[in-house]
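Everything numeric here is computed off the predicted structure, so don't read it as measured data. Every chain is numbered from 1, with letters handed out A, B, ... down the list of sequences.
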Amino acid sequence: MKVKWTCIKKDRRSLARRGTLWTSHGPVETPVFMPVGTQATVKSMAPFELEEMGARILLSNTYHLYLRPGAQLVDKLGGLHGFMKWDGPILTDSGGFQVFSLGPLRKIREEGVEFRSHIDGSKHLFTPESVMQTEELLGADIAMAFDECIPYPATYEYTKAATERTSRWAARCKAAHTREDQSLFGIVQGGMFADLRKLSAQALVEMDFPGYGIGGLSVGEEKPVMYEMLEYTTPLLPEDKPRYLMGVGSPDCLVEGVLRGVDMFDCVLPTRIGRNGTVFTSQGKLVIRNAKYKEDPRPLDEKCGCYACRNFSRAYIRHLFNTGEILGARLASTHNLYFLLNLMAELRLAIQEDRLEETAGRLLAAWQEEK
RNA sequence: GGAGGGAUUCCCGAGUUGGCCAAAGGGGGCAGACUGUAAAUCUGCUGGCACUGCCUUCGAAGGUUCGAAUCCUUCUCCCUCCA
């Protein structure tokens, strides 16, 4: 079946909405945060741990899985669900972000994008059609259209050309996509130009996708710019379709995104900074490697109920990082994921109970002065 | 007892035709970054200070020299080989 999003409640004072995303692998309460498992694994986390911490839907990546182990193999071993043993819903990104992040390793043409593998330098051509084929083999519940994540800063001319190309690619993706049990989301681009965002949104809405990604944000622009683009873009999208802000996941951005009508988020931040020794807390960021935690018996966050916080001291986790022990990365990732998942749960409840403003304000307070 | 080699900044370890050496590099330590993952990664700092300069430092003491981690003398300690 195609995914379907139903609204439970709309916030009166903001664009925020509480809803449910129905998928053939179960319902997902929104707004939701999706942990990122680029290579069919959320780095260092086992599926049962993700489930236990409250993760409901995961993201994986077409480009990376295409290179290794190959989509045919994943398909043969039961698709992504069977391969990585995750029974909940999965979303695959198209490789559009790699068009951006792989920079010099790729050439963009109208036909598609020529990549040089970051692994062995071999050449590969990604077209909207080939990406659809790959994503269908991977078999996620939601497949993202092949787009170009535009770098920042970019000129108006470049942004316009790239955005229009992404729209043409979206149409090609839609035409090429055949799998009935998978939903294809289009992706709004437009850089930091309001009129281009509008052009992009209109073009995509016309194609009628079951959901829409908002891409090309959080690529280096100031946060107020991103928020401005966001609150301009979401009202241009259909009320009854889910909106997915791609690649965003710092606690403050999640709150601001929800307030602007975003239903889905994904981000590598919790797992990446976790592996690198930084954790989110109700008081802001905390770099657990720092000397001041050497003898600290407290948990990472005294208000947190995650496995790491229920069982271990800052002193111990710092020790794990300082000795390079893998468990440190695992505990910090566990905590950070739980923290964001819990944050989203709080926001969902707040929308439902009509007190989003207060909750958002409280959650934001810890992060305001951070950046 | 005899012959030889060596002691360098927190650690290991370059540097000994005297100036370009507060002294390579690595480790450790300290701090920072990270937002659809080329990331268990990357960056900066790591003698002191009133810091575009000055002061103290290369086992210890003394000496040569305009100038010494680098040359000379004595001493202390370590290692190897022969007895």
Side-chain angles (χ1 to χ4, degrees), chain A residues 33-45 57-65 67-68 90-106 115-121 135 140 142-150 152 166 185 187-189 212-223 226 230 244-254 256-257 262 264-280 285-294 318 320-333 336 340 367 370-371:
Chain A
F33 176 77
M34 307 182 282
V36 178
T38 303
Q39 317 211 60
T41 170
V42 177
K43 292 189 192 299
S44 90
M45 296 285 100
I57 170 170
L58 304 182
L59 179 143
S60 200
N61 186 279
T62 303
Y63 167 82
H64 289 279
L65 294 175
L67 288 180
R68 281 190 309 204
I90 299 173
L91 177 153
T92 42
D93 185 29
S94 59
F97 183 72
Q98 280 64 44
V99 178
F100 160 81
S101 67
L102 258 31
L105 291 177
R106 114 264 111 142
F115 285 101
R116 298 213 80 114
S117 159
H118 67 282
I119 300 160
D120 63 6
E135 290 199 88
I142 299 170
M144 299 307 295
F146 187 51
D147 69 329
E148 176 190 350
C149 180
I150 301 165
Y152 176 85
T166 285
F185 281 22
I187 302 175
V188 178
Q189 289 294 340
Y212 297 86
I214 299 168
L217 291 179
S218 196
V219 287
E221 77 282 11
E222 294 292 301
K223 285 183 181 179
M226 173 173 103
L230 202 52
Y244 160 31
L245 175 54
M246 306 182 75
V248 166
S250 64
D252 53 337
C253 290
L254 292 178
E256 300 283 5
V262 175
M264 304 162 67
F265 302 85
D266 81 281
C267 195
V268 305
L269 203 59
T271 43
R272 179 181 287 174
I273 71 173
R275 284 194 308 284
N276 295 333
T278 298
V279 294
F280 300 129
K285 272 193 307 194
L286 184 157
V287 180
I288 195 60
R289 301 185 319 264
N290 287 3
K292 58 182 166 183
Y293 305 118
K294 188 171 186 177
R318 173 178 191 273
L320 293 177
F321 270 98
N322 278 257
T323 49
E325 286 293 339
I326 313 172
L327 184 59
R330 280 177 33 72
L331 293 178
S333 295
N336 281 344
L340 295 189
W367 298 88
E370 287 281 332
K371 285 182 215 163

Over how many whole Å does the gap from Y244(A) atom OH to rU35(B) atom P extend? 15 Å
Need the pair for rU76(B). Rule: Watson-Crick or G-U wobble, both distances under 3.5 Å, any strand; none if unpaired. rA7(B)
Please answer whether the main-chain N or O of K292(A) pairs with a side-chain N or O of N290(A) as donor and acceptor at a distance below 3.5 Å. no
In the strands shown, is rC81(B) matched to any nucleotide by a Watson-Crick or G-U wobble pair with both distances under 3.5 Å, and which? rG2(B)
Using purine N1 to pyrimidine N3 plus N6-O4 or O6-N4 for Watson-Crick, or N1-O2 and O6-N3 for G-U wobble, each under 3.5 Å, what pairs with rA14(B)? none
What nucleic acid atoms does N276(A) come within less than 4.0 Å of, heavy atoms only: base, sugar-phosphate, or nothing? base
Within this structure, what is the CZ-to-P distance between R106(A) and rA38(B), rounded to whole angstrom? 13 Å
To the nearest Å, how far apart are L254(A) CG and rG36(B) C1'? 13 Å
rA38(B) to rG15(B) separation - C1' atoms, rounded to the nearest Å: 38 Å
Under 4.0 Å from OP1 or OP2 of rU35(B): is there any side-chain N or O of S218(A) that close? no
Please classify the nucleic acid contact of G324(A) as base, sugar-phosphate, or nothing, using heavy-atom distances under 4.0 Å. nothing
Quick one: does S94(A)'s side chain get under 4.5 Å of E135(A)'s, heavy atoms only? yes
I288(A) CD1 - rA33(B) P separation (whole Å): 15 Å
From CZ of F265(A) over to P of rG36(B), roughly how many Å is that when rounded to an integer? 14 Å
Across the strands shown, which category fits S101(A) at heavy-atom distances under 4.0 angstrom: base, sugar-phosphate, nothing? base
Given rC34(B), rG29(B), rG36(B), the nucleotide with the shortest approach to the side chain of L269(A): rC34(B)
Taking the side chain from S60(A) and the backbone from T38(A), do they hold a donor-acceptor pair closer than 3.5 Å? yes
Which nucleotide, in any strand shown, forms a Watson-Crick or G-U wobble pair with rC45(B), with both distances under 3.5 Å? rG29(B)
Think Q98(A) has a side-chain N or O under 4.0 angstrom from the OP1 or OP2 of rA38(B)? yes
Without decimals, in angstroms, what is the distance between I150(A) CD1 and rG36(B) C1'? 14 Å
Give I273(A) one of three labels, base, sugar-phosphate or nothing, depending on what nucleic acid heavy atoms sit under 4.0 Å from its own. base
Length of the line joining L102(A):CG and rG36(B):P, which is rounded to integer Å: 14 Å
Side chain T271(A) and base rU37(B) donor-acceptor under 3.5 Å: yes
Touch class at under 4.0 angstrom, heavy-atom based, for Q189(A) against every strand present: base
Roughly how far apart, to the nearest Å, are rC45(B) and rU9(B) at atom C1'? 16 Å
Sugar-phosphate only, base, or nothing, as touched by I187(A) at under 4.0 Å among non-hydrogen atoms: base
Angle class for the H64(A)/H118(A) ring planes (parallel below 30°, perpendicular above 60°, tilted otherwise)? perpendicular
Donor-acceptor check, side chain of N336(A) to backbone of F280(A), threshold 3.5 angstrom: yes or no? yes
Looking at every strand, decide which applies to T278(A) at a 4.0 Å heavy-atom threshold: base, sugar-phosphate, or nothing. base
Is there a donor-acceptor contact under 3.5 Å from the side chain of R330(A) to the main chain of S44(A)? yes
Hey, does L105(A) reach any base, or is it just sugar-phosphate, or nothing, if we go heavy atoms under 4.0 Å? base
Could you tell me which nucleotide pairs with rU70(B) by Watson-Crick or G-U wobble geometry, both distances under 3.5 Å, or answer none if nothing does? none
Which part of the nucleic acid, if any, lies within contact of A291(A), taking any heavy atom under 4.0 Å across all strands shown: a base, the sugar-phosphate backbone alone, or nothing? sugar-phosphate
Under 3.5 Å donor-acceptor pair, D147(A) side-chain atoms to rG36(B) base atoms: yes
Is the shortest side-chain N/O distance from R318(A) to OP1 or OP2 of rC30(B) below 4.0 Å? yes
Taking L269(A)'s backbone N and O only, do any of them form a donor-acceptor pair with R272(A)'s side chain (distance below 3.5 Å, no angle check)? no
Ranking rA38(B), rA31(B), rA40(B) by distance to the side chain of R275(A), first place goes to rA40(B)
Side-chain donor or acceptor of R289(A) under 3.5 Å from a matching atom on the base of rG32(B)? yes
Grab the CZ-C1' distance between F100(A) and rA38(B) for me, whole Å please. 13 Å
When both distances are under 3.5 Å in a Watson-Crick or G-U wobble arrangement, the nucleotide paired with rA22(B) is none
rG28(B), OP1 or OP2 - any side-chain N/O from N322(A) closer than 4.0 Å? no
